[in-house]
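Following: one structure in structure tokens, then a few remarks.
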Amino acid sequence: MSAPSSEPLILLECLVAGTSHRQGLRAFEPQLQPGTALALQREADSSYDDWAVRVLTTGPDAFWLGYLPEGHNETVARMLDAGYPISARLTHKAWEEEWLHLEIEVLMAR
């Protein structure tokens, strides 16, 4: 048997939802590069989605980018609620008119 990989397990690949509603994202976007580490934060009190999970940059001045898409977020939300160390990283970005298309991988350490 081979040694366990130190690479994280990819739980989900998805787009970040709601980027067109994040004020200041156009000015912040140049700081986002493929490979950028991202944080996931549960928003249990959301009035729109029972399983809402925010996607943010890391660090003291974290920037809120949007959400995991509804319909793809329940498992991740449950894992966050249970205390699992779930994170994300940016894999691709592109502007499509006023919408910043952000593709991410949701990760769990092995």
Side-chain angles (χ1 to χ4, degrees):
M1 255 170 88
S2 62
S5 172
S6 62
E7 279 293 307
L9 178 64
I10 299 171
L11 300 176
L12 175 67
E13 295 175 308
C14 64
L15 294 173
V16 176
T19 58
S20 58
H21 302 290
R22 305 306 323 138
Q23 288 190 330
L25 184 56
R26 185 168 287 279
F28 186 83
E29 176 269 326
Q31 298 178 55
L32 296 170
Q33 299 302 321
T36 298
L38 302 171
L40 300 176
Q41 180 183 67
R42 191 68 167 90
E43 189 179 300
D45 61 350
S46 172
S47 56
Y48 299 103
D49 182 357
D50 291 339
W51 305 110
V53 176
R54 288 183 181 198
V55 179
L56 307 104
T57 59
T58 59
D61 295 324
F63 189 90
W64 179 16
L65 301 170
Y67 290 94
L68 291 186
E70 187 175 6
H72 298 281
N73 56 357
E74 181 177 351
T75 299
V76 174
R78 288 180 183 272
M79 292 178 81
L80 288 168
D81 289 348
Y84 284 87
I86 309 296
S87 63
R89 71 179 159 213
L90 182 66
T91 58
H92 179 78
K93 69 173 184 173
W95 282 101
E96 293 182 18
E97 296 183 18
E98 294 301 311
W99 177 51
L100 180 57
H101 176 103
L102 296 175
E103 293 178 26
I104 65 169
E105 294 173 331
V106 176
L107 310 166
M108 183 173 75
R110 292 186 192 233

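All values derive from a computational prediction rather than experimental measurement.
- Side chain of E98 to main chain of W95: no donor-acceptor pair is present (N/O by atom type, distance under 3.5 Å, no hydrogens or angles).
- Counting heavy atoms from C-beta outward, L56 and Q41 have side chains that approach closer than 4.5 Å.
- A distance of 5.5 Å separates OG1 of T91 from CD of E105, quoted to the nearest 0.5 Å.
- Between L102 atom CG and E29 atom CD the span is 8.0 Å, to the nearest 0.5 Å.
- Considering all non-hydrogen atoms of both residues, M79 and M108 come closest at CE-SD, 3.5 Å.
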>> Test side-chain contact (heavy atoms from CB on, under 4.5 Å) on L11 and T75; report intermediate values, then the result.
In response: CA-CA 9 Å; L11 300 176; T75 299; over 6 Å; no

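- The closest side-chain heavy-atom distance from L32 to L65 is below 4.5 Å.
- Hydrophobic clustering of Ile, Leu, Val, Met, Phe, Trp and Tyr side chains at less than 4.5 Å, counting indirect connections, unites Y84 with V76.
- Taking the six-membered ring where the residue is Trp, F28 and F63 present parallel rings, their angle staying beneath 30° rather than reaching 60°.
- Across all their heavy atoms, R26 and P30 have their closest contact at O-CD, 3.7 Å.
- In this structure, L38 CG and R54 CZ are separated by 14.5 Å, a value rounded to the nearest 0.5 Å.
- Side-chain atoms of T19 do not come within 3.5 Å of backbone N or O of G66 as any donor-acceptor pair.
- Annotation: side chain of R22 is not in contact with side chain of L100 (no heavy-atom distance under 4.5 Å).
- Contact annotation: the side chain of I104 approaches that of L68 to within less than 4.5 Å [non-hydrogen atoms, C-beta and beyond].
- Taking CG from L107 and CD from E13, the interatomic distance works out to 9.5 Å, rounded to the nearest 0.5 Å.
- L40 has its side chain within reach of L80: a pair of non-hydrogen atoms, C-beta onward, lies under 4.5 Å apart.
- Screening H92, H72, E103 for a side chain to side chain contact (heavy atoms under 4.5 Å, CB included) involving L15 leaves a single residue, E103.
- Looking only at side-chain heavy atoms (C-beta outward), R78 and W51 come within less than 4.5 Å of each other.
- The closest donor-acceptor contact from the side chain of S20 to the backbone of W99 lies at 3.5 Å or more, if one exists at all.
- Looking only at side-chain heavy atoms (C-beta outward), R89 and P8 come within less than 4.5 Å of each other.
- I10 and I86 sit in two unconnected hydrophobic clusters of ILVMFWY residues. Membership requires side-chain heavy atoms under 4.5 Å apart, directly or through other members.
- Hydrophobic clustering places V55 together with V53 (ILVMFWY residues linked when any side-chain heavy atoms are closer than 4.5 Å, directly or through intermediates).
- Within 6.0 Å of CD in E96 there are more than 12 heavy atoms belonging to other residues, nucleotides or ligands.
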